[in-house]
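Here is the structure we will look at, set down as structure tokens.
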Amino acid sequence: MTDKRESPIEISGDDFKKTGYQLVDAIANFIETINEKPVTTGENPKQIQQLLGNASLPDDGIAVSEIVAKSTDLLLEHSLLNGHPKFFGYITSSPTPIGALADFLAAAVNPNVGANILSPMATAIEKQTIKWLSEFIGAPSSCGGLLVSGGNMANFTAFLAARTAKAPKSLKEDGLTNTAGEMVFYCSKATHTWIEKAAVLFGHGTKAIRWIETDAANKMNTAILEQTINDDLKIGKKPFLVIGNAGDVSTGVVDDLSAIATICKAHELWFHIDGAYGIPAAIIPEYKKLFEGIQEADSIALDPHKWLYAPLEAGCTLVKNPQHLIDTYSSHPAYYNFSSHEDEPSLNYYEFGFQNSRGFRALKVWMALQQVGKKGYIEMIGEDIALAQLLFEEANKHQELEAVSQNLSITTFQYVPPAYVHSEKESQEYLNSLNENLLNKLQEAGEVFLSNAVVAGKYCLRACIVNFRTSKKDIHEVIEIVVREGRKVHETLQNK
Ligand SMILES: *Cc1c(COP(=O)(O)O)cnc(C)c1O
């Protein structure tokens, strides 16, 4: 009998090495050959389920090496590969390889980053990550915040901090309906759907959202914003928050953040920036001006799992005065002994947001920031933008493509058959249906992955390049693929 407990789930050092090295070999090979694979296999859900079979929960265990080999094969051979150089869908990036190593390490140590005492080094690393992310985008140096699961959670976390800051203090005890009057908030029509979830989940209702019209450039019309706030004040509503987009989810437009900040200041409203996708571009010197106003924001949401290429999941909330997070989320039950150190008050991340037990999301972000530094990110983000611009120019030049919009690293365009008169209404309807069919066909075929956007009534193909593997060659090939498949879909529709 040894002192060590015999546990069925333990893996010996030797076995861990053996199986672990095999896994590392498989992943290294996967990374090296990812550009030779299709973006997706095109297998349907039924085929995928057949690969798993439908066995019941097993009674007995099997060898680790067998499970790892099987799981590796299932995932590496039957997944949609957002790490592929021709993956441009939605806003999902190629994941940093160092992020995979970071998650491996984080899982092995398993710090609970809810409380400092449970995660002394991890908490310090998260704190430094927050500081570096603030510096990255040029946010105020007073910013505090935390890593969360993604953009939705980052925006929710800030939304409630804004509400705590602007509602009467009695809100916490008496609830929304009894104290706050009718609180309303403002965002442009291009705002991501998180705002609707927030309105519903946090008890305001979707009628509390003031959807502000956009101007010709698709930015929030700030004259209408000002007017709407004044109208609301006249009828006794309680405005508390304005959301500016720093890269709207559909086409990448950055609102006039300075103008919004000025209006917020005049009316004492909380100014939140949703920069989930686009705000990392503020690191590029030529783009500083586009993002002017970041310094005035009370809170900012950004997603390291988008343009910082962190593997899912990593979102981040930054708050200019982090005390607002503590005011919103902190509680002190008797069963927590997370008291302060004498020399420095302890930083307990459970007091900053929704989560209690927390994983170590910061590590993969922190490690990638060190791998390439500011310069590396300036280069990669700049190239992503240049590639999206190249796609726009190539689409513009091509007789059978119409380039529709280009902002940051998002380009939208339509396939238009040769000699097609597209000024008439029916032809636009036809083009919309043609492009929708084309998108579905492209997504199934797996040569390239695009998503869609509706821009000024046009159903567009949309490429969002947050992909450090994409090259100019990929862009030229995408043009060829879209035109080749577009012709086929057009022909099929004509013969119907
Ligand atoms: C992607 C995105 C979101 C949602 O982020 P998730 O990480 O998917 O939750 C919110 N706002 C904007 C502007 C986005 O681009």
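When reading the values below, keep in mind they use all heavy atoms of this one structure, side chains included, and skip hydrogens, waters and symmetry mates. Whatever order the structure lists them in is the order used to number ligands and atoms, beginning at 1.
In the vicinity of His305, heavy-atom distances shorter than 4.0 Å reach the ligand 1 atoms 7 (O). Numbered from 1 in the order shown, with element, the atoms of ligand 1 that lie under 4.0 Å from a heavy atom of Ile91 read 15 (O). Less than 4.0 angstrom separates some heavy atom of Gly247 from each of these atoms of ligand 1: 13 (C). Ligand 1 places these atoms under 4.0 Å from at least one heavy atom of Tyr277: 15 (O).
Nearest protein heavy-atom contact of atom 11 (N) of ligand 1 is Asp274 OD2, 2.7 Å. The closest protein non-hydrogen atom to atom 10 (C) of ligand 1 is His192 CG, 3.3 Å. Annotation: atom 6 (P) of ligand 1 to nearest protein heavy atom, Gly151 N, 3.2 Å. Of the protein's non-hydrogen atoms, the one nearest atom 1 (C) of ligand 1 is Lys306 NZ, 1.3 Å.
Not a single heavy atom of Ala246 lies less than 4.0 angstrom from ligand 1. Ligand 1 lies out of reach of Asn245, whose nearest heavy atom is not under 4.0 Å from it.
Ring geometry, Phe185 versus Phe159: the interplanar angle exceeds 60°, so the pair is classed perpendicular (tilted spans 30 to 60°).
Considering backbone and side-chain atoms together, Asp303 places an N or O closer than 3.5 Å to an N or O of ligand 1. The distance criterion of under 3.5 Å between nitrogen or oxygen atoms is not met by Ala276 with respect to ligand 1.
In this structure, Phe104 places its CZ atom where only 12 or fewer heavy-atom neighbours from other residues, nucleotides or ligands lie under 6.0 Å away.
Under 4.0 angstrom from ligand 1, the non-hydrogen atoms of Asn152 come from both its backbone and its side chain. Residue contacts with ligand 1 for Met153 are absent, since no atom lies close enough (heavy atoms, distance under 4.0 Å).
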>> Is there a side-chain hydrogen bond (donor to acceptor under 3.5 Å, both in side chains) between Glu444 and Asn440? Walk through the geometry before answering.
In response: CA-CA 6 Å; Glu444 274 165 37; Asn440 289 330; over 6 Å; no
>> Assess the residue pair Asn396 and Glu402 against the criterion (side-chain hydrogen bond (donor to acceptor under 3.5 Å, both in side chains)); give the C-alpha distance rounded to whole Å, side-chain angles, the decisive distance to 0.1 Å, and a yes or no.
In response: CA-CA 6 Å; Asn396 214 11; Glu402 185 187 342; over 6 Å; no
>> Does Asp474 form a salt bridge (charged side-chain N to carboxylate O under 4.0 Å, His left out) with Lys86? I'd like the steps, not just the answer.
In response: CA-CA 6 Å; Asp474 292 308; Lys86 288 197 188 70; 3.2 Å; yes
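Look at Lys189 and Glu213 and you find a salt bridge, because one of the NZ, NE, NH1 or NH2 atoms lies within 4.0 Å of a carboxylate O, short of that distance.
Between the side chains of Tyr277 and Ser409, at least one donor N or O lies within less than 3.5 Å of an accepting N or O. In summary, the side chains of Tyr186 and Asp232 do present a donor paired with an acceptor at a separation below 3.5 Å, with no hydrogens or angles considered.
Taken to the nearest 0.5 Å, the CD atom of Glu379 stands 10.5 Å off from the CD1 atom of Ile284.
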